[in-house]
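Heads up: the structure comes next, in structure tokens.
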Amino acid sequence: MLQGKTAVVTGGAQGIGRAICELYAAQGAKVAVVDMQDGEAAAAGIREGGGEAIYVQCDVTARASVNAAAATIREKLGQIDILVNNAGNTSPAMIEKMTDDNWDKVIAVHMTGGFYWLQAAIPDMIENKWGRVIFSSSFTAQLGSIGQLSYSAAKSGILGMVRSASRELGKHNILVNAVSPAAPTEMNRKVREDPKFAERHAAIVAASTLRREAPADEVAKVYLFLASDLSSFVTGQVISADGGHMMVR
């Protein structure tokens with residue numbers, strides 16, 4: 001389905017990002033696992049399974065780091081066809097206690113990092129008249145979340161980026177979409193496992209139509225659809241892969 005394509009997945013070392021990398025590779029893509037932390041295990045696992053993958057360390061909040069990573073990917077894997085802006089973080093705090101650091105580091109990773117990678121990747125796509133850009137958003141963009149002002153703002157801002165970019169890049173046959181996933185990840189593990197939030201977490205799961213959580217590899221299938229030619233007439237959209245959580249509202 002992705003034979004011969006080069007895919008860049010930020011935040012690819014673990015969780016949904018790693019599941020996307022593995023699924024893309026299984027479908028024939030050459031995959032760049034991009035992350036601040038060690039993503040070599042993810043890349044090595046793909047290679048051991050017969051796929052093609054490299055790990056590229058990158059600080060998405062630093063333009064020079066992004067540009068250097070993009071250059072490395074082009075040198076080792078070829079021109080970039082698919083970009084998944086999945087890198088994310090969270091720094092929860094109630095509004096009155098939220099510091100500049102709580103705000104800045106979340107906005108920097110989600111929005112500035114996504115912007116830097118968008119700029120770094122689209123020249124190849126414009127040249128090839130084919131490209132896929134997929135951002136990871138969240139249901140908090142539409143519903144908000146207590147103690148997550150910066151995270152909700154960043155995920156909401158991503159939707160604006162998706163819509164504007166899709167309008168600009170459509171003439172080049174570049175599709176830009178977002179996925180709003182709900183899946184257990186390392187980023188939300190502390191909240192999920194904290195007894196203080198057990199009741200709230202259970203209520204969130206119960207509020208979804210399917211009343212269950214999805215493993216990362218199940219959510220990754222939506223990213224595969226958006227990266228492939230199956231989605232050739234889909235752009236500027238946000239797809240909620242959350243078991244019907246948003247639908248019931």
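In this text, all values refer to a predicted model and were calculated from it rather than measured experimentally. Throughout, residue positions are numbered sequentially from 1 according to the sequence presented.
Residue pairs that meet the side-chain hydrogen bond (donor to acceptor under 3.5 Å, both in side chains) test with at least one member in residues 48-60, sequence neighbours left out, are D59-T61. Judged as a side-chain hydrogen bond (donor to acceptor under 3.5 Å, both in side chains), the pairs with a partner in residues 220-231 (not counting sequence neighbours) are, in order, W130-D229, R132-D229, S136-Y223.
Residues V8 and V162 are members of one and the same hydrophobic cluster, defined by side-chain heavy-atom contacts under 4.5 angstrom among Ile, Leu, Val, Met, Phe, Trp and Tyr. Residues M161 and I82 fall into different hydrophobic clusters, defined by Ile, Leu, Val, Met, Phe, Trp and Tyr side chains chained together at heavy-atom separations under 4.5 Å. Grouping the Ile, Leu, Val, Met, Phe, Trp and Tyr side chains by contacts below 4.5 angstrom, directly or via other members, places I107 with V109. Residue V176 is grouped with residue I158 when hydrophobic side chains (ILVMFWY) are merged at heavy-atom distances under 4.5 angstrom, including chains of intermediate members. The cluster map of Ile, Leu, Val, Met, Phe, Trp and Tyr, joined by side-chain heavy atoms under 4.5 Å apart, puts V222 and L83 in different clusters.
Closest of all the heavy-atom pairs between V33 and G39 is CG1-O, 3.9 Å. Taking both residues in full, the closest heavy atoms of A42 and G12 are given as CB-O, 4.0 Å, listed atom of the first, atom of the second, then distance. When all heavy atoms of T6 and L77 are compared, the closest pair comes out as OG1-O, 3.1 Å. Minimum heavy-atom separation, T72 to V56: CG2-CG2, 4.4 Å. In this structure, F225 and V234 approach most closely via the heavy-atom pair CZ-CG2, 4.3 Å. Across A13 and Q37, no two heavy atoms sit closer than the pair CB-CG, 4.1 Å.
Checking side-chain atoms of N177 against main-chain N and O of Q237 turns up a donor-acceptor pair under 3.5 Å. A donor-acceptor pair is defined here as one N or O able to donate and one able to accept, closer than 3.5 Å; no such pair exists between the side chain of S137 and the backbone of V179. A donor-acceptor distance shorter than 3.5 angstrom exists from the side chain of N86 to the backbone of G11, with no hydrogens or angles considered. In this structure, the side chain of S156 does not engage the main chain of S152 through any donor-acceptor pair within 3.5 Å.
Rounding to the nearest 0.5 Å gives a distance of 8.0 Å between CG of D104 and OG1 of T99. We find the CH2-OG1 distance between W117 and T112 to be 15.0 Å, quoted to the nearest 0.5 Å. Separating the CD1 atom in I46 from the CD1 atom in I54 is a distance of 11.0 Å, to the nearest 0.5 Å. With values rounded to the nearest 0.5 angstrom, S166 atom OG is found 9.0 Å from L175 atom CG. Of the inter-residue distances, the one linking L159 atom CG with S164 atom OG reads 11.0 Å to the nearest 0.5 angstrom. Here the OG-CD1 distance, from S180 to I239, works out to 10.5 Å after rounding to the nearest 0.5 Å.
Residues E127 and Q79 meet the side-chain proximity criterion, which asks for heavy atoms closer than 4.5 Å. Two residues are said to be in side-chain contact when any heavy atoms from C-beta on lie closer than 4.5 Å; W103 and L149 meet this criterion. Contact annotation: the side chain of T10 never approaches that of C58 to less than 4.5 Å [non-hydrogen atoms, C-beta and beyond]. Residues N128 and D81 form a side-chain contact, since some pair of their non-hydrogen atoms from C-beta on lies under 4.5 Å apart. By the 4.5 Å heavy-atom criterion applied to side chains, Y151 and S138 are counted as neighbours. In this structure, the side chains of N85 and V9 stay at 4.5 Å or more apart for every pair of heavy atoms. Looking at K105 and N89, their side chains come closer than 4.5 Å, going by heavy atoms from C-beta outward.
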### Message
Evaluate V133 against I174 for side-chain contact (heavy atoms from CB on, under 4.5 Å), listing each step before the verdict.
### Response
CA-CA 7 Å; V133 179; I174 300 171; 4.2 Å; yes
#### Entry: H172 and M125: CA distance, side-chain angles, deciding distance, side-chain contact (heavy atoms from CB on, under 4.5 Å) verdict
CA-CA 8 Å; H172 301 293; M125 301 179 189; over 6 Å; no
### Query
Passes ring pair (Phe, Tyr, Trp, His ring centres under 6.0 Å), H110 versus F135? Steps please.
CA-CA 9 Å; H110 292 270; F135 284 79; over 10 Å; no
### Task
Carefully, step by step, assess L169 and I122 under the rule side-chain contact (heavy atoms from CB on, under 4.5 Å).
CA-CA 9 Å; L169 300 174; I122 61 171; 3.9 Å; yes
### Query
Given M1 and L230, is the side-chain contact (heavy atoms from CB on, under 4.5 Å) satisfied, shown in steps?
CA-CA 9 Å; M1 191 176 286; L230 293 175; 3.8 Å; yes
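Looking at R47 and E40, a side-chain N of the basic residue comes within less than 4.0 Å of a carboxylate O on the acidic one, giving a salt bridge.
No hydrogens or angles considered: a donor-acceptor pair under 3.5 Å links the side chains of Q119 and R63. Q27 and Q3 share no donor-acceptor pair across their side chains, judged by distance under 3.5 Å alone.
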